[in-house]
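Numbering of residues begins at 1 and proceeds along the displayed sequence. Note that the structure is a prediction, hence the values are computed from the model and not measured. Whatever order the structure lists ligands and atoms in, that order sets their numbers, starting from 1.
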Amino acid sequence: WGADGHHATCLLAEPLLEPATWKAVRSLLPEYANGSLASLCTWPDDIKWMWKYHWTAPLHYIDTPDFLCRYNYDRDCYDENGHKGYCASGAINNFTSQLTNYHLRESNPPLVTRALETEYNLTEALLFLSHIVGDIHQPLHVGFTSDAGGNTIMVHWYRRKANLHHVWDTEIIDKAKDLYYNKSLLTMVNAIMENITNDGVSKAQMWSECPNGEIACPDTYATEGISLACQYAYRNATPGSTLADEYFLSRLPIVESRLAQGGVRLAAILNRLFGANS
Ligand code: DCM
Ligand code: DCM
Ligand code: DCM
Ligand code: ZN
Ligand code: ZN
């Protein structure tokens, strides 16, 4: 997602955090975040071009085999150098696992805590996790390999040129915001939030759960992602095509439900890591 998609995901998650979760999140956020997770949800995009963080660029997405419309962790999750686990689903597992060390802080003497923190930076782990749970819900972040998740598919978005990936990262959200939500992301987020709460505790509950009781289940999110990419993102979006109202109106519900799922699942993961039952 672009900045709005990430802000939306984290803004949707925030009110779903338990008090104990908030306490842990607050303690991990830097002072200048002022207790707002959403304010730092785009951080991994801001730093991925830096040499020190270059290795994190592939953690934002997963490339799957062309036209297969299926995802498989062992087959698909590695970076351009073949490092296993260096993709969005591997990163969610890794950062989740790093964050399970958070409670060791409370039960260990300061020197042990210091030693753990030089190995893992839990602040960065929280920011990467919050960002990548958003990205993995963008259907084209689990796209085909040869077109880099739609980045090389040039289309017309109404009268302007755009690549298909950017349409899904940014353009659909931007147009919806302008057309329906007074150009306000907060208004859009509130509408999505109402839809989640009205449409039943059950829907959010279902999204929250992982099949084998894991803290996070990125393979589930990725499998949904490539399926939606094939059914909605790539469909009727061949190179040179014009995407306008028909495409926008039929795909916006997918975008909104993926933002909702990302927010609900981010909150569920953080509650399992830090909440009263953790
Ligand atoms: N790393 C890497 N190459 C990637 C992705 C990540 O080297 N494509 C990581 C692994 C190490 C660090 O960068 O954390 C430096 O690599 P190493 O210490 O394995 O030489
Ligand atoms: N690493 C990680 N979690 C990921 C992906 C990569 O911990 N999801 C990396 C970060 C560390 C590296 O593993 O840089 C450990 O290698 P290094 O000794 O080079 O830091
Ligand atoms: N991206 C992707 N799949 C790829 C390569 C990139 O989903 N194989 C995403 C990451 C960014 C966007 O596309 O959100 C643009 O990538 P970049 O800035 O690396 O060109
Ligand atoms: Zn993207
Ligand atoms: Zn990203």
>> For the Zn ion (ligand 4), which protein N/O/S atoms fall under 2.8 Å? Skip waters.
In response: His141 NE2, His165 NE2, Asp169 OD1, Asp169 OD2
> Between the candidates His60, Lys48, His165, which shows the shortest non-hydrogen contact distance to atom 7 (O) of ligand 3?
Replying inline: His165
> Should the ring pair His60 and His131 be called parallel, tilted or perpendicular, given that the plane angle runs from 0 to 90° and is split at 30 and 60?
Replying inline: perpendicular
> Any idea how Tyr102 and Phe274 line up, ring-wise: parallel (<30°), tilted (30 to 60°), or perpendicular (>60°)?
Replying inline: perpendicular
>> Quick check for you: to the nearest 0.5 Å, what is the distance between Ile192 atom CD1 and Thr197 atom OG1?
In response: 11.5 Å
> Do Glu214 and Arg272 pass the salt bridge (Lys or Arg N to Asp or Glu O under 4.0 Å) test, and can you show the C-alpha distance, the side-chain angles, and the key distance before you say yes or no?
Replying inline: CA-CA 9 Å; Glu214 306 99 310; Arg272 286 191 282 264; over 6 Å; no
>> Membership question, hydrophobic clusters at under 4.5 Å side-chain separation (ILVMFWY): are Ile136 and Tyr61 in the same one?
In response: no
>> Suppose we only count N/O/S atoms under 2.8 Å; would His131 qualify as near the Zn ion (ligand 5)?
In response: yes
> When the ring planes of Phe144 and Tyr234 are compared, do they come out parallel, tilted or perpendicular, using 30° and 60° as the limits?
Replying inline: parallel
>> For atom 3 (N) of ligand 3, is there a protein heavy atom at a distance under 4.0 Å?
In response: yes
> Counting each atom of ligand 3 from 1 as listed, which ones have a heavy atom of Leu140 under 4.0 Å away?
Replying inline: 7 (O)
>> So if I count the atoms of ligand 3 from 1 in the order they appear, which ones are less than 4.0 Å from some heavy atom of Asp63?
In response: 3 (N), 4 (C), 8 (N)
> Does ligand 3 have a heavy atom under 4.0 Å from the side chain of Asn151, from its backbone, from both, or from neither?
Replying inline: side chain
> Taking the six-membered ring of Tyr180, is the NZ or CZ of Lys175 close enough (under 6.0 Å from the centre) and on axis enough (within 45°)?
Replying inline: no
>> Tell me whether the count of non-hydrogen atoms from other residues, nucleotides or ligands lying under 6.0 Å of CZ in Arg75 goes above 12.
In response: yes
> Which single N/O/S atom of Asp45 lies at minimum distance from the Zn ion (ligand 5)?
Replying inline: OD1
> Hey, any chance Leu186 and Leu252 share a hydrophobic cluster, counting ILVMFWY side chains that come within less than 4.5 Å of each other, even indirectly?
Replying inline: yes
> Between atom OH of Tyr86 and atom OH of Tyr78, what is the distance when rounded to the nearest 0.5 Å?
Replying inline: 16.0 Å
> Considering only heavy atoms of Asp169, which atoms of ligand 3 have at least one such atom less than 4.0 Å away?
Replying inline: 14 (O)
> Is any heavy atom of the protein nearer than 4.0 Å to atom 20 (O) of ligand 3?
Replying inline: no
